[in-house]
Amino acid sequence: MNSLWLVAGALAAFAVAYRFYGAFLAAKVAVLDDRRTTPAHRLRDGVDYHPTNKWVLFGHHFAAIAGPGPLIGPVLAAQWGFLPGYIWIVIGACLGGAVHDFVILLASVRQDGLSLAKLARSNISALSGVTTSIATLFIVVATLASVASVVVSALAESAWGMFTIVVTIPAALLTGLWMYRIRPGKVAEASAVGVTIVVLGVIFGQPFAASSLGHTLLFSPLALKLMLPVYAAIASILPVWVLMCPRDYLSSYMKVGVIVLLAVGIFAVHPTLKMPATTTFISGGGPVIPGAVWPFVCIVIMCGAVSGFHSLIASGTTPKMIYKESHIRPIGYGAMILEGFVSIMALIAACALQPGDYFAINVAQAKPTEQAAYAQMVANAPAQGWDLAPKELTALEHGTGEKVSVDGKGGLRGRTGGAVTLAVGMSKVFSSVPGLQSLMGYFYHFVIMFEALFILTLLETGTRVARFVFQETVGQFTGGRPAGGSAAASCATPGGIVRRPNWGLNIFMSLLTCFCWGFLLYLGDLKTLWSMLGISNQLLASIALAIGTTYLLNHAAKRSYALCTALPFVFVLVTTVTAAIGKICEWWGQIPNLPADQAFLLRLAILLAAIMLVLTGIIAVDTVRRWIGILRSGAVGGVVPVAAAPGGTASQ
C-alpha cells in the first residue's frame, strides 16, 4: 500500500478535528475569554510563573509532551501491522488525547495553575486528592526512569550524539538571555541565534566524533545512568526562562523540522508499506509485544493517541506560563494533534521496512535461547502466509555504518526498543530521495540524536512537575498557593505580585525526585521499564479524564458537555485495567525461571502495577460517587466568572 494514503487521511482527520471539535471545546465547553487573568500574570515569580509568548510556550509544551512515546510506541506496534496503530492514533488523538490535554490545561489555568492532585482535591474530594498525589509520584518516577533508559541506549558510546546534545545547552542559555534580558521580546532574533547554534552542533558533531577529542564524549551506559539524574536536577532547579523553556523551544524546531522533512520525503518517495495491514500476531504471541492487539496497542502507543503524562505537563509547567486563555486551544489541543502526526510518521517509517528486516532488528538475539526462538519464528512464517527472512539487512547495516565487526559484535540485529528501528526506517526514507543516497549514515545518527532530544526535554519537565507534586503533597504552602514560593516572600511590581521562590525547598525536592527515578534507572532494564511506563501512564490518563469530567460537570454551561471526557474515560479505564491484569499475570509466571536480579525487577514491576491499579480504583469509585452527587443536586455550576487583571486585562 502507498504510504501517501495514510498521510493524507491523517492530515485531513487532524485538520477537521482541530477546526471543528477544537473550536467547539474552546467556544462552547470552555468559553475561553482573554479578559480573565491567567496565573502567569497574577502569581508571577520569574521562576515557575512567567507570562510566555504563545509560540515559545507551544514549543515548550510540545517538546515536553512529545517524549519517546510518539516515536517508539508506533514502531513497536507495527508488529500487528500498520492498520491497528493507525486507527488508534487518529481516533485516539482527535477524540481522546487532545480533549484530555485541553480540559486539564483549562482546569489548571482557571484554578491558579494547580497540579493534577490539587485539581482532584478541589473538584472531587480530599481522598482523591491524596490518592492522586501518591499515584502521580509513582507514575512520574516510573515514567522518567523508563524514558531515561531509552536515551541511555541511544547515546551510549556515541560522541556525535553527545556533542550535539551538549551544544543545545549553551544555545538555550543564550536564547533565554536574548529573549528576556539582552533583547526582551525579540523572539525572532533569539530563535535565529539559537537555531543557528543547534544546526552548527549537528553539522560539526560528526567531525568532532572523528577527531582526537571525540573520546572525551564517549560515555558508557553506567556513566549516563549517573549523569542524567544530575542534569535533570540542575535543569529543574533553574528558572524556567533560563534553560528549560528556551531549550525546549529550540529542540521543538528540530523535532518539527525533522517530521516535516520526513513528510516531504514520504511525499517525494511515497514508499510502499511492506508491513501488511494486519499480521498473524494480532491475536497475541508476537515477538516484540506478547499480547493481543487489544488492549495492548492502546498501551504501547501512549503519546500520540492518549497519554496520562500529558496531564502532568498541562497541570504543571504550561498553565503557569499561559499568557491568555485563547492560547489554551492551540497549545492544549493543537500540540496533541501535532504529536499524533509525529506518531503517524514514525509508524510509516517502521512499516516501510521489509517485515524480515523489522523483526531482525526488534527481536532480541543476544542469548542462544533468543537466537533459537528467532530462528524458529522465521522458519514457521511461510506456513502462516508470509516471509520473515531478512531482505535488506546487510545493505542497511552498510548504509548506516552499523556494520558487524570481525568478532561478531555490532550490526543491527537484536537492537530492541524501537529507537534503532525508527532511525533505520527514517534514514531509509531520507536516503531514497534522489541525490541523498550517500547520506544514509548521517541521517541515521542524526535521528538517534533527534530521539535523544525528545527524551531529555521530558526528563527536565517531568522532574520539575514531580517537584511541584512533592511540594504540594507535603503542604508547604498555605491558602492553596501553588508550589515554588510563599506569601511572605512576595513583593509588588508594576506588573502585579511577584513571589520569591523558596530555593532551599526547590533544590531539596528536585534532588529527591531525581534520586528516586535515578535509582530505578540504575537497577532497571528497558523492556521491564517500558512495560511499567505503558501501564502507569494510561492509568494516569484514566485519573486525569475522571478529574476533567468532574470539572466539566461543575463548571461547563451544559452537563452534557462532560461526555467529551467521560466517554474516553470509560474506554481508557477498561482497556488499561485489562492490560494491567494480563501483564501482572504474565510477569508472575516468568519469575520462577529468571535469575535473582531479573526476578527482583519483575516483582518490583508487579508491586508498582498493583499499587497503581488499587489507587486508580479508589479514585474511580470516589469520582463516580461525586458525579452522582453533582447530578442529584440539580444545579449547574456554569463557567468561571471573569476576573480583571491587576493593572489591566489578561489580554495585554
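The OG atom of S115 sits 7.0 Å away from atom NZ of K320, with the distance rounded to the nearest 0.5 Å. The line from CD1 of I344 to CD of E339 is 12.0 Å long, rounded to the nearest 0.5 Å. Atom CD of Q538 and atom OG1 of T616 lie 11.5 Å apart (nearest 0.5 Å). Taking CG from D101 and CZ from F309, the interatomic distance works out to 11.5 Å, rounded to the nearest 0.5 Å.
Counting heavy atoms from C-beta on, the side chains of R626 and S125 never come closer than 4.5 Å. The side-chain heavy atoms of F62 and M336, taken from C-beta on, include no pair separated by under 4.5 Å. Side-chain contact between P39 and Y49 is present, with at least one heavy-atom pair separated by less than 4.5 Å. Between L25 and C564 there is a side-chain heavy-atom pair separated by less than 4.5 Å. Looking only at side-chain heavy atoms (C-beta outward), L144 and L520 stay at 4.5 Å or farther from each other. Between P290 and E586 there is a side-chain heavy-atom pair separated by less than 4.5 Å.
Heavy-atom minimum distance, S311 versus L116: OG-CD2, 3.6 Å. Across every non-hydrogen atom of F58 and P330, the tightest pair is CE1-O, 3.2 Å.
Side-chain N or O atoms of S108 include none that pairs as donor or acceptor with a backbone N or O of I104 at under 3.5 Å. Of the possible donor and acceptor atoms, none in the side chain of S326 sits under 3.5 Å from a partner among the backbone N and O of D34. Under the 3.5 Å distance criterion, the side-chain polar atoms of D112 are left unmatched by any main-chain donor or acceptor of L114.
Applying the side-chain hydrogen bond (donor to acceptor under 3.5 Å, both in side chains) test to T550 and every residue at least two apart in sequence or in another chain returns W627. Remark: V103 engages V99, L552, T565 in a side-chain contact (heavy atoms from CB on, under 4.5 Å) (not counting sequence neighbours). Shown here are the ring pair (Phe, Tyr, Trp, His ring centres under 6.0 Å) partners of Y21, two or more places apart in sequence or in another chain: there are none. Remark: L613 pairs with L539, V577, A580, I581, I584 by the side-chain contact (heavy atoms from CB on, under 4.5 Å) rule, at least two apart or across chains. R603 meets the salt bridge (charged side-chain N to carboxylate O under 4.0 Å, His left out) test with no other residue; sequence neighbours excluded. For the side-chain contact (heavy atoms from CB on, under 4.5 Å) test, residues two or more places apart in sequence or in another chain that qualify with A13 are V90.
Between H61 and the choices T318, T317, I322, the side-chain contact (heavy atoms from CB on, under 4.5 Å) rule is met once, by T318.
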| said: I'd like to know whether W588 forms a side-chain contact (heavy atoms from CB on, under 4.5 Å) with I606, so could you lay out the CA-CA distance, the side-chain angles of the two residues, the decisive distance to 0.1 Å, and finally the verdict. | reply: CA-CA 8 Å; W588 188 263; I606 290 171; 3.7 Å; yes
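Ion pairing of E325 with R110 is present here, as a side-chain N (NZ or NE/NH1/NH2) and a carboxylate O approach within less than 4.0 Å.
Within 6.0 Å of CZ in F515 there are 12 or fewer heavy atoms belonging to other residues, nucleotides or ligands.
Geometric assessment of R19 against the ring of F14 yields a negative cation-pi assignment under the 6.0 Å and 45° thresholds.
By the 30° and 60° cut-offs, the orientation of the rings of W88 relative to F571 is tilted.
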